Amino acid sequence: MVMSFLDLRDELRAAAPLVQCLTNSVAMPLSANVLLAAGASPAMIDTPEEAGDFAALASGVLLNVGTPTAERYTAMREAVRGATAAGTPWVIDPVGAGVLAHRTFFVDALLDASPTALRGNASEISALGGTGAGGRGVDAADTVEQALPAARALAERTGGVVAVSGPVDLIVSAGRSTWLTSGDPLLTLVSGTGCALGALCAAYLGLGADPHDAVLAAHAHTGAAAQLAARSATGPGGFSTAWLDALHHLTSAEIADLVSWKDPS
Amino acid sequence: MVMSFLDLRDELRAAAPLVQCLTNSVAMPLSANVLLAAGASPAMIDTPEEAGDFAALASGVLLNVGTPTAERYTAMREAVRGATAAGTPWVIDPVGAGVLAHRTFFVDALLDASPTALRGNASEISALGGTGAGGRGVDAADTVEQALPAARALAERTGGVVAVSGPVDLIVSAGRSTWLTSGDPLLTLVSGTGCALGALCAAYLGLGADPHDAVLAAHAHTGAAAQLAARSATGPGGFSTAWLDALHHLTSAEIADLVSWKDPS
Amino acid sequence: MVMSFLDLRDELRAAAPLVQCLTNSVAMPLSANVLLAAGASPAMIDTPEEAGDFAALASGVLLNVGTPTAERYTAMREAVRGATAAGTPWVIDPVGAGVLAHRTFFVDALLDASPTALRGNASEISALGGTGAGGRGVDAADTVEQALPAARALAERTGGVVAVSGPVDLIVSAGRSTWLTSGDPLLTLVSGTGCALGALCAAYLGLGADPHDAVLAAHAHTGAAAQLAARSATGPGGFSTAWLDALHHLTSAEIADLVSWKDPS
């Protein structure tokens, strides 16, 4: 039986939500292509002059702090202001938090503005939650399991959803935590797949359903497509191509056959 | 019989024009790869200090206002100054014009500097021409047919070529309008294909032939390659790869077999 | 028999060096993907606030002056300061040097800071060494052979390794020059392959072996993967995908079977 959260995948294709991305220069092309493949409409509006107004038009907004220029920092603040005023859901992806002081300070301040969702790896979430061993660059040194207390603390602090991506994904919100098993290790050999997942979270949140379900559906969609792509791929190049194709074709029912999850709490 | 404008494709391969691109961060890699695949030489020179001087060396210059930082705005003005002084043809791609006020104002002012070509979707051209329903992000809400009066007005204002890209492309210049049928819907599922088409327009204009023919040839090359790629593609990932291969291999004669066009006026 | 420098390829996979890249916006995604495919860990930390501190954590640092914003110029200076203080090896890729005055001046000044390696095409190296016909955009107008005197002069000036990439690669350091035959012309039809090679040089230098061997190994890895990819590719799109796969799978022993080299001095 298909759970309600997986129905959102077919809804996404029908609704084609407009997703504003303020993201890093490395992940921009892949993030836009992932959104298009999934059926959303990407708009990379990331200037101080335009980001705030556009956040009122968008269905969802992604902030990602990889390669953050001074202008992008300002634009991200403007986008939060615009999204908050308009009630647009927004996601923050804290790339490198805990390792790099400047962006960690920035993200920490934004957490007080109540992001709809926070998505990172175990080290980033642990660092922001005040625990954790720290990461090495953009890789995680902590396990997803170790990040559970930090995720719970951050969900309480923000009032939103906190997602820890890894071999098994953890989605936490007030009174609910879900463990999702999906994906393939080849995802870690393609640059920007985590960042693109953050963008996809913003797309699913743009549908207006329960935020926990939306973030969970984005992770399941991403992971199921990776499983499908890994069947035919012979390396990271071919995998990347096949992953985009799978993101495009997968239906709610097909994803349900590929992933598994449990809600222990 | 091959019309003269299609002969330009084989000329492009022989001449390998040097194309300066001041474009957005999302479309940069694809635009460079499209130019290389087609046989041109890309140079992404987009700093205020260097853009003006380089425009004198380039065969053609592309300006694209997606993700426009303060430095890129300045660099684009410098490139126009350098291109104008040196007689280098230049193209402007008004991504998001009509939706985003800041860049719309910038593009509108540049139209007075007589761009050799202006290439956009129906909503962008309609907005700049003072008509139109407006777009949603970077997608068009108007049809190509509806953009005809705006394209005519803009061609008169600029003295150059105005191209409206869509399911059927419209190329307008003083006393001439051409409807081109080519392409495939999969083009809309790959980020940056429209931006790359703008870069290819600058490459074709760099050959020194009639500007209307050059812009038309760039659209036909792009569209024919999409048709070829769509035959084997199973999704947007594989399509993107096959499109680059087709852009590389297609000859003037092969494009003539794939596309059709009419000059009603 | 496998020479010592080729053993570094298997070492790279085992060590997974952390590579900080301050590179251009065009080549960012490909460079990150090349590093991941090869087995390294990319981190695109390129802001003035964070680049210096991170260079102390990284195994190797790449500076690339394509699309250099004011912030990236500052960040590159900070990265050199941080790398020098921590003893982290660093590579500079002088994209467009000799053609574009502003960046040429910047690179020339950095050569006095003793880069571990300098990697460019024949025109860039010739220009920096005070000889050469100049390039056209980012393409080389000089041959690799013609760049030998300039490479020797620059190796003496910097005390480091100077690599001239081309149909045959030349690697020069004090008292040693190596000619490497590998690669495929399809490499020149994919944007950013040279820039990604620069990043791979930083990865190999991060292993702590002899710098001449490290830079040579990076070139051999890149070239051998291109040879393998060219066997199945039908154009630049498919080649790019196959090249990433080959970069991932190739072992030291397999590279030894694909490339050849000579140390005449």
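Computed from a prediction, not measured in an experiment: that's the story for all the values here. In what follows, chains carry the letters A, B, and so on, assigned in the order in which the sequence lines appear, proteins first and then strands, with residues in each chain numbered from 1.
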- Can you pull out the residues in residues 25-39 of chain A with any heavy atom less than 4.5 Å from chain B?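 So far as heavy atoms go, A:M28, A:P29, A:A32, A:N33, A:L36, A:A37 are the residues that approach chain B to under 4.5 Å.
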- Query: Counting a contact as any heavy-atom pair under 4.5 Å apart, which residues of residues 218-243 of chain A contact chain B?
  - Reply: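 The stretch touches chain B at A:T241.
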Which side-chain N or O atoms in residues 189-199 of chain B pair as donor and acceptor under 3.5 Å with protein atoms at least two apart or in another chain?
residue : atom : partner : partner atom : Å
B:T193  : OG1  : B:L187  : O            : 2.9
B:T193  : OG1  : B:V190  : O            : 3.4

- Task: Report yes or no: does A:E50 contribute a side-chain atom to a donor-acceptor pair with the main-chain N or O of B:R103 at less than 3.5 Å?
- Result: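 Side chain of A:E50 to backbone of B:R103: a pair is present.
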- Knowing that exactly one of B:L100, B:V99, B:T67 qualifies, which makes a side-chain contact (heavy atoms from CB on, under 4.5 Å) with A:I45?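 Of the listed residues B:L100, B:V99, B:T67, the side-chain contact (heavy atoms from CB on, under 4.5 Å) partner of A:I45 is B:L100.
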- Which atoms of A:E49 come close to chain B, meaning under 4.5 Å heavy atom to heavy atom: side chain ones, backbone ones, both, or neither?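 Answer is side chain: those atoms of A:E49 sit under 4.5 Å from chain B.
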- May I ask you to list the residues in residues 73-83 of chain B that approach chain A closer than 4.5 angstrom, counting heavy atoms only, ordered by number?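 B:Y73, listed by number.
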